[in-house]
Amino acid sequence: MQKTVSKSFFSRPTLEVAPELIGKIIEYGGCTGRIVEVEAYTDDPASHGYRRTERSAIMHDTYGHIYVYFIYGMYHCLNFTTDKDQVGAILVRAVEPLSGLQLMKKRRGIDSETKLCNGPGKLCQAFDININVNHSRVGEYLRLYHGRAEEILSSPRIGITKATDLHWRFFEKDSPFVSR
DNA sequence: TACTGGATTCACT
DNA sequence: GTGAATCCAGTAA
């Protein structure tokens, strides 16, 4: 595999880190996958970090850590905390499966490779990511590698859309593995 | 202590 | 396009 992503990678401003996460390789639960879509949350009303609570404190206090929360009574969402000076986190919205496909298919109960991880809840189900990894450091249980990020960044392959007034989605253009 | 609604997904129309 | 599934953090009282 490639070089491990260091903690200092996440120390920078959230909007700077987010597009660079595209192309990084996640390894967890016996599976690997390439990040193809993320959503950047900073100090805006749509973010958990807008108000400091027991749950969102990790967004204020850490960077390079994992923030997992449970939503709609059925799904988990995977975030990386960012920015040593500000509130911030980046939601991983979609991943391109690379290895452990059979395991993912079994966990998801489907056979389509493009639909395996094309949504925040779906990828957590495929990788078996749950509240147990919440608060752990990146690299502790869930590993992150640089993969081919540089090649992607140097090409016009990253799309940006405004999710709300104050946070953005970054995705790999033309990837069949992005959400929706 | 009780209530409300969500950074979602899927089946169904 | 609409609605159900299903839990718990956050908030109000």
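Every chain is numbered from 1 and lettered A, B, ... according to where its sequence line falls, protein lines coming before strand lines.
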If pairs are Watson-Crick or G-U with both distances under 3.5 Å, what is the dot-bracket string of DNA chain C, marking crossing pairs with [ ] and pairs to another strand with |?
|||||.||||||.
CG/A/Asn79 to CZ/A/Arg93 distance, rounded to the nearest 0.5 angstrom?
11.0 Å
Assign [X] to base, sugar-phosphate, or nothing according to its heavy-atom contacts below 4.0 angstrom with the strands shown.
X: A/His48; answer: base
X: A/Arg108; answer: sugar-phosphate
X: A/Gly121; answer: sugar-phosphate
X: A/Ala46; answer: base

P-based separation of C/dT6 from B/dA2 [nearest Å]:
23 Å
Separation of [X] atom [atom1] from [N] atom [atom2], in whole Å?
X: A/Arg52; N: C/dA9; atom1: CZ; atom2: C1'; value: 16 Å
X: A/Ile131; N: C/dC7; atom1: CD1; atom2: P; value: 15 Å
X: A/Tyr75; N: C/dC8; atom1: OH; atom2: P; value: 16 Å
X: A/Leu78; N: B/dT8; atom1: CG; atom2: C1'; value: 15 Å
X: A/His76; N: C/dA5; atom1: NE2; atom2: P; value: 20 Å
X: A/Tyr41; N: B/dA7; atom1: OH; atom2: P; value: 7 Å

With a 4.0 Å cut-off on N to O distance, would you call A/Arg143 and A/Glu27 a salt bridge?
no
Give a yes or no answer on whether the side chain of A/His167 reaches the backbone of A/Ala40 with a donor-acceptor pair at less than 3.5 Å.
no
Does A/Phe70 have more than 12 heavy atoms from other residues, nucleotides or ligands lying within 6.0 Å of its CZ?
yes
Looking at B/dT9, B/dA7, C/dA9, which one has an atom nearest to any side-chain atom of A/Ile71?
B/dA7
Testing B/dT8, B/dA7, C/dC7 for proximity to the side chain of A/Phe70, the answer is C/dC7
Least distance between heavy atoms, A/Tyr63 atom then A/Lys7 atom
O-CE, 3.1 Å
Taking only the side-chain nitrogens and oxygens of [X], find out if one of them lies under 4.0 Å from OP1 or OP2 of [N].
X: A/Arg55; N: C/dG10; value: yes
X: A/Lys122; N: B/dC10; value: yes
X: A/Arg93; N: B/dT8; value: yes
X: A/Arg51; N: C/dT11; value: yes

Should the pair A/His146 and A/Phe9 be assigned to parallel (<30°), tilted (30 to 60°) or perpendicular (>60°) ring geometry?
perpendicular
Decide yes or no, distance alone: a donor-acceptor N/O pair under 3.5 angstrom between the base of C/dA5 and the side-chain of A/Tyr72.
no
Does a donor on one side chain and an acceptor on the other come within less than 3.5 Å for A/Arg108 and A/Gln125?
yes
